[in-house]
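Quick note: numbers below take in every heavy atom, side chains included, and nothing from hydrogens, waters or symmetry partners. Chain identifiers are assigned alphabetically (A, B, ...) following the order of the sequence lines, protein sequences preceding nucleic acid strands; residue numbering begins at 1 within each chain.
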Amino acid sequence: MSGYKHTIKLPKTDFPMKAGLAQREPEMLRRWESEGLYEKIQEARREAPLYVLHDGPPFANGDVHMGTALNKILKDFVVKSRSMAGFRAPFIPGWDCHGLPIEFRVVKSSAGLTPAEVRRRSEEYARKFIDIQRTQFRRLGVLGDWENPYLTLDPGYEADVIRSFGRFVEAGLVYRKKKPVLWSTGAQTALAEAEVEYQEKTSVAAYVTFPLVSGDLAGEASMVIWTTTPWTLPANLAIAVHARHTYAVVRVSLHGAEQRLVMAEALVEGFCAATGAEKLAVEKLLPGADLEGHLARHPFLDRTSTIYAADFVTLDTGTGCVHIAPGHGEDDYRLGMEHNLPLLSPVDDKGCFTAECELPEFVGQYVFDANEGILALLQEKGALAGREAYAHSYPHCWRSKTPVIFRAVEQFFIRIDSLREAALAGVDSVKWLPHWGRNRIRGTVESRPDWCISRQRTWGVPLPVFYDGNGDPVLDPETIAKVADVFAERGTNSWFELSDEEWVKLVGLPSGMTRRHDTLDVWIDSGLSHEAVLRRRPELTFPADLYLEATDQHRGWFQSSLMTSVALNKVPPYREVLTHGFVVDTDTRKKISKSAQGGYQKPTEADHYVGKYGADLLRLWVSSVNFTDDVPFSEEIFTRLSDAYRRIRNTLRILLANLHDYDVSSPPKETDLTFVDRWILARLQEVVTTCTQGYESLEFHRVYHTINQFCAVDLSSLYVDITKDRLYCDKGDSSRRRATQFAMAKVLEALIPLLAPILAFTAEEAWGYFRKGVSVHLQLFPKPDPTWANPDAVREMDRLLELRSLISQAVEKIQKAGEIGSALEAGVILTVPPADRPLLDSLRGELEEVFILSHLTVATGEVAGATATKTSAARCERCWRHRDEVGSSADHPTLCARCEEAVVAGIS
RNA sequence: GCCCGCAUAGCUCAAUAGCAGAGUCGCCGACCGAUAAUCGGCAGACCGGGGUGCAAAUCCCCGUGUGGGCACCA
C-alpha cells in the first residue's frame with residue numbers, strides 16, 4: 001500500500017492496553033510492600049500537618065464482603081487523598097476480637113470446654129480471620145500499617161480497657177443492680193440494644209381477668225388486662241392504669257355468663273370484638289385515679305396485685321389495664337421500684353421456669369413453650385376472657401436468632417444520665433456527614449437507658465470485680481488498676497487460669513474474696529479504641545479528625561466511643577463523622593450482607609470480584625457511587641464500570657504513547673500553543689480544581705465523574721482525535737506537534753496523581769511509564785495553574801462543538817447516502833450567524849483541524865447550519881486528507897504540502 | 001403511629017430557580033495509523049398531583065415508592 005506509512009509517527013508505548021488487573025495487581029502489591037511504600041509515605045510527610053482517620057475495627061469473623069470492602073476502600077480514598085493533599089495521614093487498621101459470635105462458633109463446634117480452653121480457641125479463631133481479612137484488605141490496595149494493627153485482644157489494649165473501667169468506677173459511673181435486661185436464652189447472656197434485631201413474630205395475646213377484692217367493686221367486678229406474654233403472668237405483681245383516662249365498669253355477656261369488667265372506656269369495643277363478648281351495659285365511668293390502690297386477686301396464684309397509676313399506660317391496644325411484672329419489663333421495673341415491689345423473675349439462664357414461679361408443673365419448661373399451659377391454666381380458673389393472635393416486631397438475639405426475653409439479673413451498668421448532657425453537647429460540636437447523622441445520634445443518645453456492661457460469657461475482657469463473703473462486689477479503682485497491670489503482663493487468660501487465692505494475693509485483697517467470670521460488653525472494648533489506640537500510638541492523636549463507618553454505627557461504635565470518651569475526656573473522640581449506606585443488590589433491592597440468606601446464591605465476598613475484575617474495578621465502583629445513600633451493586637454495574645475503566649486506561653495509554661518521542665528539555669514557546677492546546681490545558685485546570693475539591697469534601701463520586709468525563713469526552717473524543725493528524729503526520733519538530741506533546745505531558749502529570757487514590761494500581765502503573773522510579777502515591781496533588789486557566793477558551797470551544805455537531809450531522813447525511821465513506825472525503829460549507837464570525841475568523845487556520853475536516857468554507861447567514869458534499873480535491877496518500885495541492889509536487893505527487901515537508905525533513 | 005433521608009435515560013451520576021448534561025448499554029454507520037482499540041449519528045429521563053415565581057428537576061404542600069431511625073411491644 002502506501003509507501004509513506006513508515007514516515008508516520010504512530011503512537012508507541014509498552015503500557016499495555018489490556019489491564020490484566022487480576023495478575024498485575026498482586027505483583028505491584030509485592031513491590032509496594034517490599035519497598036515499604038506506606039512507611040515511605042509516612043516518612044515523606046513526617047513534618048506535615050497530621051490528619052487522623054481512625055479505623056473502626058471490623059469483627060474478626062468471616063471473609064471481607066462487599067460492604068466491608070466499601071468501607072475500607074473509602075477509608076483508603078481518604079488516607080491516600082489526604083496524603084497527596086500534603087497531610088501526614090497514618091492508617092492503623094484494627095480488629096474487634098472478643099464477643100459472642102466467635103465464642104458461639106467455638107462452643108458450637110465442641111461442647112464442654114473449660115473457660116480457658118474456650119478462650120484459647122476463640123483467640124485462635126479470631127487470629128485466623130484477622131490474617132484472612134488482612135490479606136483481603138491489602139489485596140484491595142488499602143495502605144496502612146498492616147504489620148502493626150491494633151487488636152482488642154492485645155494485652156496492652158485489654159489493660160487499657162480495664163484502666164478505663166477503673167476510671168469509670170472512680171467517677172461513680174458504675175453500679176450493680178438486679179434489674180430486667182435483654183436476655184438471650186439462646187446465648188445465655190445479657191444483650192445490649194445493639195445486639196438485638198427486631199423480627200416480625202406472631203404471639204398469643206391474652207385478655208385476663210383479675211377479680212377486685214377491695215373497694216366498692218370488691219367481689220363485683222374484675223380488672224381485665226391484656227398481655228402478649230402470658231408466661232410472665234406468674235411474675236405479675238401489679239396492674240397499672242392511667243390516672244386521667246376514663247375507665248368503665250361494663251357488664252358483658254361472655255362465654256354465656258354475665259360478668260362485670262373494668263377497662264378503659266375507649267377500649268371496650270375492641271375488647272368485645274376480640275373476645276366475642278357482648279356489651280350489655282356500661283354501669284359506671286370513673287377516672288383511673290379512682291382505681292389506684294385497690295387490690296385484685298391474681299388469677300391463679302394465692303396473692304393480690306395492687307393497682308397503680310402510671311403514665312406509660314396508653315390506649316393503643318389492650319384494655320388500658322396493664323399487667324405489671326417488675327422482673328420482666330423496663331416500665332414494670334420502674335413502677336415496681338417506685339412502689340417497693342419485689343423483683344420476681346422466676347426464669348433461669350436458659351429461659352426455663354424456676355421453682356419461684358410457684359407452679360410446680362411448669363418448672364423447667366421453656367417460657368415460650370409454657371404460654372399454652374398458662375393459657376390453659378387461666379381457662380381452667382375462668383380467668384381467660386379471650387385470646388387472639390398478635391403480630392408485632394419482637395426483639396431477637398442477633399446471634400442465636402432466638403426471641404429474647406426481659407429478665408431480672410444482677411448486672412453492672414454505666415449511668416448514662418451522668419453522661420447524657422455532655423454527650424449531647426459533644427454531638428453538637430462534631431461535624432456529621434451527611435448532616436442528618438446528627439439527628440440520628442442525638443436520638444440514640446437522648447433515649448438510651450443505662451448501659452448494661454456485664455456479659456455472662458467467657459470470650460471477652462474480664463469484669464475486674466471481687467466479691468466478699470456476702471456476695472457484695474468490691475468496686476475499687478486501686479484494685480482494678482492492679483488487675484490491669486497483671487493483664488498487661490500476663491494477658492486476661494490469667495483471670496481464668498489463676499485461683500481466687502492467687503488473685504487476691506496479686507491485688508492485695510483480704511483472703512476469702514472471690515471472682516466471677518463475667519466479661520465486659522464488647523462495645524466497651526471497641527468503644528475505648530480512642531484510649532487504647534489514638535492516645536497510645538505515637539503516630540496518632542486524640543481526638544481523631546475522622547471516623548468513617550456504615551450508618552448502623554450511629555447506634556454502635558459512634559455511640560459507644562462517644563460515651564466512653566465523654567466519660568474519660570468530656571469530649572467526643574472525633575471531629576468529624578462520615579457515614580455510608582449499605583451495599584444493596586440492585587436485583588433484589590436487599591442488603592447484600594443479608595441477601596446471602598435464604599437460598600440466595602450470588603457471591604458476596606470481595607475476593608470473588610477482585611479475582612474476576614481486579615481491585616481497581618472495586619475501587620472505581622466505590623468512587624462512582626454516592627455512598628451516603630444505599631450503594632447499588634450488581635454484576636451489570638461492574639460490566640459498565642469495566643467499560644469506563646477501559647476508557648480511562650486507554651486514554652492514559654494514548655497520551656503516554658503520543659509522548660514516545662517527546663523531548664522534555666525543549667518545551668515549546670507559549671505562543672506556539674494552538675487553540676486546542678490552550679483549551680485542553682484550561683479544561684485541565686477546571687478538572688484539577690473540581691477533583692481536589694471533591695477529595696477535600698470527601699465526595700469521591702465527583703472526582704470519578706469529572707475524570708471520566710474529561711477522559712472520555714475532552715481527551716479521547718476531542719483533543720486526542722483532533723491532534724492525531726499533527727502528531728502522526730507533522731514533521732517531528734513542528735511547533736504545533738511539540739505544543740501538543742507539552743500539553744499532553746501536562747495533562748498526564750496532573751491526571752495520574754488525581755486518579756491515584758481511586759485507581760491505586762493503574763495510576764501507579766501509568767506513572768511508572770511517565771516518570772520512572774518514584775511511586776505516584778508519594779506525589780502531591782496538582783494545584784490549579786493560573787497560567788493555563790482560560791474560561792474564554794472553554795466557552796469558545798463549547799460554541800465550536802455546537803457547530804461541530806451540525807457539521808457531523810451534515811457529513812453523516814452524505815455518508816448514509818453512500819456518497820462518501822470517510823468524513824475526510826467531505827467538503828463542508830458552514831454557515832454561521834454574524835455573532836460567530838469573530839471567533840471563527842480568529843481561528844481560521846485551525847478550524848479544519850478542530851473539526852477534523854479536509855475542506856471547510858465558512859459563510860455567514862441567519863442561522864447556523866452546515867452542508868456537506870464530496871470534495872473534488874485529491875487524497876493525500878500519507879495523511880488521507882483531501883487537499884487541492886495534492887499532485888502539484890514533482891517529487892511526491894501523491895502528497896499534500898505539509899506531508900511533503902515532513903517527508904523531506906525526515907529523509908534529510 | 002411519629003420522624004429523617006432518597007427518588008433524573010435500561011445502569012451509574014451531573015445540572016446558582018434560567019434550553020435537563022455526561023458516560024455506559026442499545027441501534028446504525030465510519031475507520032482499519034489508539035485495533036480485544038478509536039470516531040460519528042440515532043434513540044432514551046426529571047415518581048404522581050397541587051402551590052409559589054416571569055421562570056421550578058431545583059423552593060413549599062400532599063401522595064406513592066424506597067431506605068433508615070424512633071415509638072409501641074417484651
Point to revise | Nucleotide of rG69(B), rU12(B), rA37(B) approaching Arg555(A) most closely (side-chain heavy atoms) | key: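 Looking only at side-chain atoms, Arg555(A) lies closest to rG69(B).
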Review point. Between rA74(B), rC70(B), rG23(B), which one does the side chain of Ser447(A) approach most closely?
Key: rC70(B)
Distance check: side-chain N/O of [X] vs OP1/OP2 of [N], anything under 4.0 Å?
X: Lys724(A); N: rA34(B); value: yes
X: Ser822(A); N: rA30(B); value: no
X: Lys5(A); N: rG33(B); value: yes
X: Arg804(A); N: rG40(B); value: yes
X: Arg448(A); N: rG69(B); value: no

Quick one about [Y] and [X] (side-chain donor to acceptor, distance below 3.5 Å, no hydrogens or angles considered), yes or no?
X: Thr232(A); Y: Thr229(A); value: yes
X: Thr740(A); Y: Arg726(A); value: yes
X: Ser642(A); Y: Tyr613(A); value: no
X: Glu699(A); Y: Asn626(A); value: no

Under 4.0 angstrom, heavy atoms only, what part of the nucleic acid is [X] near: base, sugar-phosphate, or nothing?
X: Thr551(A); answer: nothing
X: Trp880(A); answer: base
X: Thr628(A); answer: nothing
X: Asn439(A); answer: nothing
X: Gly329(A); answer: nothing
X: Ile405(A); answer: nothing
X: Asp332(A); answer: nothing

Check your understanding: Any N or O donor-acceptor pair linking the side chain of Thr706(A) to the base of rA14(B) at under 3.5 Å?
Key ->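 Looking at the base of rA14(B), it does not pair with any donor or acceptor on the side chain of Thr706(A) (distance under 3.5 Å).
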Point to revise | Presence of donor-acceptor pair under 3.5 Å, side chain of Gln809(A) and base of rG41(B) | key: no
Review point. Taking atom CE of Met797(A) and atom CG of Leu800(A), what is their separation to the nearest 0.5 Å?
Key: 6.5 Å
Exercise for review: Specify the glycosidic conformation (syn or anti) of rG53(B), with syn defined as within 90° of 0.
Suggested key: syn
Review point. How far does the P atom of rA43(B) sit from the matching atom of rG23(B), given to the nearest Å?
Key: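 Between the two P atoms, the distance is 15 Å.
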